[in-house]
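Scroll down for the structure; my scribbles are underneath it.
Quick caveat, the model's predicted, so the values are computed rather than measured. Per chain, numbering begins at 1; letters A, B, ... match sequence-line order.
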Amino acid sequence: MSAMEQPASSPDAAPAALDVRDLEVTFHRRGRDLPVLKGVTLRLERGEAYGLVGESGCGKTTLAMAALRYLAANGTVDAGKVLVDGQDVSTLSEAAVRRWRGKQIAMVYQDPATALSPAMRIGDQVAEVFRYHEGLDKKEALERARESLRRVALPDPDATLRRYPFELSGGQQQRVVIAMALAVNPSLLVLDEPTTGLDATVEAEILDLIEELRGRINASILLITHNLGLVRRLCERVGVLYAGRLVEEGPARDIFTDPRHPYTMGLMRCVPRFGMNKTDAALQTIPGTLPALGEPLEGCVYSARCPMAKPVCTRREPDLYAWPGDAGAQGAAQAESMPPDPAAYSPHHANPVGEAARHARCYFSAAVSTMPATTPVLATSLEERGGAEGAVLEIGAVSRSFKDGRRRLTAVHDLSLSLKRGETFGLVGESGSGKSTLAKCVTGLIAADSGSVTFEGKLLRPTAGRRSQDALRAIQMVFQNPDSTLNPAWSTRAILTRSVRKLAGTREGSVRAKVDKLSADVRVEPRFLLQRPGDLSGGQKQRIAIARAFAGDPTLVVCDEPASALDVSVQASILNLLVELQTKEQVSYVFISHDLAVVRYISDRIGVMYLAELIEVGSAEQVFNPPHHPYTEALLSSIPKLDFDSEQQRIALRGMMPSLSEPPSGCRFHTRCHRILGEICETQEPPAQVAADGHTYNCHIPPDELLALQTGEEPVAPIAE
Amino acid sequence: MGEERSPLRPGPDLAEEASWVDADPEMLELQADAGRKSEELHADAAAALEQKRQRRYLVRALLRSPTFMTGLIIVLFWVFMALFSTFITQSPTDVDAMASLQAPSAAHWFGTDDLGRDVLARTMAGARTVLVIAPLATMLALLWGGIIGLVSGFYRGLTDEIIMRLVDVLLALPIIITSILILSLLGKSVAIVIVVIGALFTPVVSRTIRSAVIGEREREYVMAARLRGERSAFVMAREILPNITQPIIVEGTIRLGYAVFTAATLSFLGFGLVPPSPDWGLTIATERIFLQIAPWTVLFPAAALASLVVGVNLITDGLSRVFSK
């Protein structure tokens, strides 16, 4: 964090990198006016990194688009101004805007695959920036392109220049996009969810890169994300947006250690803290849903969902008050004696935004630190859930490969594991590690090439189509994508009714009752049953999908990233629901996720997959603490944590994930391992080391040595690129 | 826990910590009120409304589309004429030997043909056969092509491979020549023309539907159906089919345009209908020898035919544009 020490602004009156003043943006859709931003004011000093946080639909991206003058055709700026480097964006001509974008302001989008043209070579795309903005000829531009690729640490820039985007990995693509954005030294760099689609280790690499670049370029950064950990790592200041309003703003450290708006507090409480488990504490969800665009809101935008709202909050909207300031102190005093009189508070911008360090749009900022927790612990221990009863599922030496042209990709290789009744087995690994293929082999959506899946002592047939109706009932699945998991042409009730008929085999009269019970269990109100999936929110759709899986009282539910596509507050409620259902129904879960904190929270045992193999298995706590497999260690170190106290040490993995068609010899991880011993790793398959009861990992390093290495007795060897 | 649960009350075990929240009945009342209001607005009415609005939006977008509306008006005009022209115009079959090949006049707006029949009456009535043949043939093609496309796209693998290679072979056959051969073999009745056109359009339709099915079959709701043990026929007909209606409708209107065209061509070539039917294709064929001395006998039916094809195509354009929005 070298840039943190830099002074945020020079004392002379240089214009701010981004100065947004009372910005109001409205979208017009099908004859309705939908206000998206309602008077947002924020200021980025030169060289500053500012994180804009909030759930989807809060207006984060709209703000960035307004700054770039990229608003969609149906969006208008109704009031306010956006100044970039002192230049009012709205006064630029069309031609000037084109020159100005890229030169003064640049953007890195969420999905690098769509940000790059698939039909152009990387070299031509990057060179185009120089040819357009600096009028260089083809040769010079290519030379500069090569230089800029080197700057973002792409290995072998010459080869990369000749490649097409599809020949690069997601992380490399994002590096190219960043290289293009920084090509002509813009004064403001907008990053819109720059790592959301990337794996944890790749995300960490991109963050390292951005952090490292910050020391060398003088661009200010506006980081838009829902991931608080990301902001914590990159940004000095944070703004929290809710329903088009800036509800809190201040230095990142202060906001994350001591939030002063109930929404910020809610956001922080609904993500699993690192190392948190369901048996210790429950995720605190935010009640209610984000107001729909255009929905009239009285008083504070957050009052309908706020656990500390008081009558005054719905009567008059609070201003953005300085904290700790007169307002804060008065607010605290007034909170004691109710009902408070709004007139007693300091007028709008008593401390103009930008002068005071912190602001919160709340009358009761002082009370936020004692905001009540509302969700009790939902899970009982595994023993109480009947976990001692023995194995429900046993996977024996399952392999599965796919044909890809002439090559064979082995997605799951000789994998065995077992699962107890009522237990949650978390499966982690980066994309392409074979998690989903394994899940589909268990449910029978894909037949395993070899090996056996034994369920409650009976061997299961390989495909769902050949399994008995009872076996289907007992093993169900919850899918990842809320938008395609339910048939859009069916009503929700029809979906559940069909599942109950097929799986529970209930007689005509009680089907209805069973459907009502299912929807009550997943907390979807009966009136939603009349609707089609298109009219439900993502969270509601996923709830119905869970109800569908539970239609026949299953024994095992395979959850493939069930909450990954949802906003954090919705994700929390889905995870809580799964935990609650497990406690009630004694069901076992195989829970797949790339989010380690989520897996740690929900799982009793965890398996780590790398390149089609299960390389480590143990209880959640065992896997997350040394000694653990070097890959697990690297994965864990790559998560951006919210914690300010412990400075985490990042372990950078070398190179890229090898191809599944030609897995490395010996230990599959040896090509990237930071604890490689030497030849033995390249030639011999590692033995399963037993670190503790039920905790094994595949590595040549024995547990005691690994423990010594990982607890820091010996320094990590520097990695040669 | 429920993100949809609106009025929030803390759990009983937390009541002490949160006593000051409980202590505010007015607030709870307010929140509950607001919650109820917004929920009602949101869920019950609003979502049902939204669904209706979506549907109404589609209809309104279509009504607002000049392309679609022009096409619709043209097609409806010919449908109306096919049904009621006999009540409006003179008889299309009344021969008047004294008034053959007369130029357009007040008595005969479109003139008369070689047998002195009113061209206006014949042109208006000429839509009748085409408007029977084309839609029925299209529906047959949609039915067969739909079944083939569903099976092929759903099973993939060898089934798909075999069916699609057969389709490739059929697509390589020139439609007019093939239909002439079949019609020469089977005889020339309207019913056979319908079946032949339907059969010849089937391969193209099946391709379109197959690709739509392939897009749907990998979706998670299809996997969910397999996991509850649904038969393949059920998955195809009940799960997938309702979700590919839009491409089917668009494909149907495209085929309809071609079917009008093909039906007219076949009757021009003498397959299907016999004189004195006022059918456009037939009329153009029989009157074309008078093209130089009495062009109206050919031009008016030809323009009518063209307008119907254009009308159907405009509908297609309007539909696909609105659907793709």
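Evaluation of the side chain to side chain contact (heavy atoms under 4.5 Å, CB included) rule for Ser232(B) yields Phe154(B), Tyr155(B), Met236(B) as partners, not counting sequence neighbours.
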Legend entry - Check against side-chain contact (heavy atoms from CB on, under 4.5 Å), Arg498(A) and Phe234(B): CA-CA 12 Å; Arg498(A) 184 75 195 172; Phe234(B) 181 92; 3.3 Å; yes
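Residues Arg228(B) and Leu472(A) form no side-chain contact, since every pair of their non-hydrogen atoms from C-beta on lies 4.5 Å or further apart. Residues Tyr221(B) and Pro488(A) have side chains in contact (heavy-atom distance under 4.5 Å, counting atoms from C-beta outward).
Contacts of Gln284(A) with chain B are absent, with no heavy-atom separation under 4.5 Å from either backbone or side chain. At a 4.5 Å heavy-atom cutoff, the contact between Leu486(A) and chain B is made by backbone atoms alone. For a residue to count as touching a neighbouring chain, one of its non-hydrogen atoms must lie under 4.5 Å from one of that chain's; by this rule Arg548(A) touches chain B with the side chain only. At a 4.5 Å heavy-atom cutoff, the contact between Arg238(B) and chain A is made by backbone and side-chain atoms alike.
Trp490(A) contributes no side-chain N or O that, together with a main-chain N or O of Glu239(B), makes up a donor-acceptor pair within less than 3.5 Å.
The distance from atom CG of Leu227(B) to atom CZ of Phe479(A), rounded to the nearest 0.5 Å, is 5.0 Å. The CD atom of Glu230(B) sits 8.0 Å away from atom OG of Ser499(A), with the distance rounded to the nearest 0.5 Å.
Asn481(A) and Glu220(B) are not linked by any side-chain donor-acceptor pair at a separation below 3.5 angstrom, with hydrogens and angles left out of the test.
By number of non-hydrogen pairs under 4.5 angstrom with chain B, the leading residue of Ala551(A), Ser484(A), Ala489(A) is Ser484(A). The most heavy-atom pairs under 4.5 Å with chain B, out of Thr443(A), Leu445(A), Leu503(A), come from Leu445(A).
Sparse packing is recorded around CZ of Arg461(A), with 12 or fewer heavy atoms of other residues, nucleotides or ligands lying under 6.0 Å away.
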